[in-house]
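Numbers for residues simply follow the sequence, beginning at 1.
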Amino acid sequence: MRKGLKALSPLLVFIVLYLVTSIIARDFYKVPITVAFMVSSIYAIIISGGIPLKKRIDIFSQGAGTSQMMLMIWIFILAGAFAHTAKVMGAIDATVNLTLMLLPANMLLAGLFLAACFISLSIGTSVGTVVALVPIAAGISQHTGMTLPMIIAVVVGGSFFGDNLSFISDTTIVATSTQECRLSDKFRVNSFLVIPVASIMLVIYLLMGSGTQLAQQTGEVEFLKVIPYLVVLITAIFGMNVMAVLTLGLLLSGIIGLCYGTFDFYDWMTAMGEGILGMGELIIITIMAGGLLELIKYNGGLDFIIQRMTRRINSKRGAELSIAALVSLVNICTANNTVAILTVGGIAKKIGDRYGVDNRKCASILDTFSCMMQGILPYGAQLLMAGGLAAINPISIIPYLYYPFLLGIMAIIAILVRYPKKYS
């Protein structure tokens, strides 16, 4: 018990140092999140006794430098370079103007949510959806006067619709493979939860946007400058790798900018460099979070959670609630919904088989709760990316994340009332 709590204590240090002190100060910029992670990481290394200091640092470094972490850092680098080049070239302004021309102001929130849902369902990744839509949403915020964190939250929420439901999402594939059920069966179970929640959110966003008016006149649409974003959206929808999508968008933005005379070759290089530097904080957070969470795992923090969460199950309902709590807590400790499902998938299968939980329902619970938790983590890749691209603190987005919170509430109610009946 004491060892398990000690292993998890670095997370508590982070929460106290960042969240609690920021709430007390009423300012989430008072304590930089990078400093909170640095202090928590140093603390995690110190308390990992019984092994040489070099070994502790090696464990931290292994967690910080995993292939998943490096892939995320590459995406951050390319997203920063593309986003800033597109901004300097005028692609964001042109795309925003086109959006405002096509959609009436009172339909913008609902339209953005629908676009995020459709793109994420098509590409199966919330990160790719955030990269594609957040710069456009930030530009729309300037023209309409809508709160920036709120309009960014619309995109982030919609991005988890597809992350949770798509056939090609990592979380869907891992959840179904660990529970030994078909993708189509898990899709059917999930749709009973996700589609009603998305429908409710669409109505809410229609009502919220009903009184929206353009705060400033939109400029003329320069259609050539819209091409990079159209290509990014279309290639993403057709399933191209997110890194290839961003590289293509970066090249198109540069070529069009050179053709228009918006910048010369050296200015293009400068724009890319500034964009990459703008992602510096996200990269630092990703590295330190990876190392910190690896030490928590090495010290038995995840094993402790699994043991404590599975020892008092005595009914099918209790088994489903335990699986939900288990994947949610492990997601907090890993900040990666796919890794969380991989970590607890095996134990969830054993719990499900023992208490007669339908494999399809179990897969749905794993995917839904991991996506819900990932959608509200301020140090998760999606919120870090959204905050970085919109130049706001990720914490400021959380109060407006209606979709993930509503999805979580709906999923808990579904377990308690045995819905959908066919799979319960």
Side-chain angles (χ1 to χ4, degrees), residues 2-25 27-77 80 127 276-305 328-340 342-343 373-374 376-385 387-388 393-395 398:
R2 188 172 294 175
K3 183 183 176 183
L5 291 175
K6 182 182 177 184
L8 291 170
S9 61
L11 269 183
L12 186 63
V13 170
F14 171 76
I15 290 167
V16 170
L17 186 59
Y18 184 60
L19 291 181
V20 175
T21 54
S22 297
I23 289 168
I24 291 169
D27 182 359
F28 282 101
Y29 290 91
K30 279 287 185 185
V31 179
I33 193 170
T34 46
V35 174
F37 266 116
M38 181 189 71
V39 173
S40 305
S41 298
I42 293 169
Y43 170 77
I45 292 170
I46 291 170
I47 66 162
S48 302
I51 54 174
L53 178 61
K54 185 179 183 305
K55 175 69 172 173
R56 299 179 222 173
I57 295 171
D58 284 346
I59 293 166
F60 182 92
S61 301
Q62 286 165 13
T66 62
S67 58
Q68 272 197 322
M69 290 296 171
M70 296 314 296
L71 176 63
M72 196 55 61
I73 288 169
W74 262 114
I75 291 171
F76 286 162
I77 289 169
V127 171
I276 294 167
L277 286 175
M279 290 289 163
E281 186 178 52
L282 274 70
I283 293 168
I284 292 166
I285 292 166
T286 301
I287 291 169
M288 288 197 288
L292 172 67
L293 298 171
E294 185 67 21
L295 277 172
I296 289 171
K297 182 181 177 182
Y298 179 85
N299 290 326
L302 297 187
D303 292 337
F304 172 74
I305 290 171
S328 298
L329 286 170
V330 172
N331 204 105
I332 290 171
C333 294
T334 59
N336 186 305
N337 45 352
T338 306
V339 171
L342 271 172
T343 304
M373 190 55 66
Q374 184 70 17
I376 60 175
L377 283 181
Y379 53 91
Q382 292 80 1
L383 282 183
L384 285 176
M385 177 71 81
N393 192 312
I395 292 283
I398 293 174

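Tyr18 places no side-chain N or O within 3.5 Å of a backbone atom of Val35 that could act as its donor or acceptor partner. A donor-acceptor distance shorter than 3.5 angstrom exists from the side chain of Asn393 to the backbone of Ile395, with no hydrogens or angles considered.
Note that CD1 of Ile73 and CD1 of Ile284 are 10.0 Å apart. Values are rounded to the nearest 0.5 Å. In this structure, CD1 on Ile15 lies 12.0 Å from OG1 on Thr21, to the nearest 0.5 angstrom. Going from atom CE of Met288 over to atom CD1 of Ile42 covers 9.0 Å, rounded to the nearest 0.5 Å. In this structure, CG on Leu377 lies 9.5 Å from CG on Leu384, to the nearest 0.5 angstrom. Annotation: the span from Ile285 atom CD1 to Met38 atom CE amounts to 13.0 Å, rounded to 0.5 Å. How far CG of Leu293 is from OG of Ser41: 8.5 Å, rounded to the nearest 0.5 Å.
Between Glu294 and Phe60 there is no side-chain heavy-atom pair separated by less than 4.5 Å. Using a 4.5 Å heavy-atom threshold, the side chains of Ile287 and Phe37 count as separate. Considering only heavy atoms from C-beta on, Thr343 stays 4.5 Å or farther from Lys297 through its side chain. Here the side chains of Ser48 and Tyr298 are not in contact, with every heavy-atom distance at 4.5 Å or above. Lys6 places a side-chain heavy atom less than 4.5 Å from the side chain of Ile47. With contacts defined as side-chain heavy-atom distances shorter than 4.5 Å, the pair Ile24/Lys30 does not qualify. Between Leu5 and Leu12, every side-chain heavy-atom pair lies at or beyond the 4.5 Å cut-off. With contacts defined as side-chain heavy-atom distances shorter than 4.5 Å, the pair Ile45/Leu295 qualifies.
Nearest approach of Ile77 to Ile276, heavy atoms of both residues: O-CG1, 3.7 Å. Pairing each heavy atom of Val330 with each of Ala340, the nearest pair is CG1-CA, 3.9 Å. Residues Leu292 and Ser40 share a closest heavy-atom pair of CD1-O, 3.6 Å. Closest approach of Cys333 to Leu11, counting heavy atoms only: SG-CD1, 3.5 Å. Pairing each heavy atom of Ala7 with each of Gly300, the nearest pair is CB-C, 4.1 Å. Gln374 approaches Asn336 most closely through the heavy-atom pair OE1-N, 3.3 Å.
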Derivation of the side-chain contact (heavy atoms from CB on, under 4.5 Å) call for Phe14 and Ile33: CA-CA 9 Å; Phe14 171 76; Ile33 193 170; 4.0 Å; yes
Under the side-chain contact (heavy atoms from CB on, under 4.5 Å) criterion, do Ile332 and Met373 qualify, and how do the steps go? CA-CA 7 Å; Ile332 290 171; Met373 190 55 66; 3.7 Å; yes
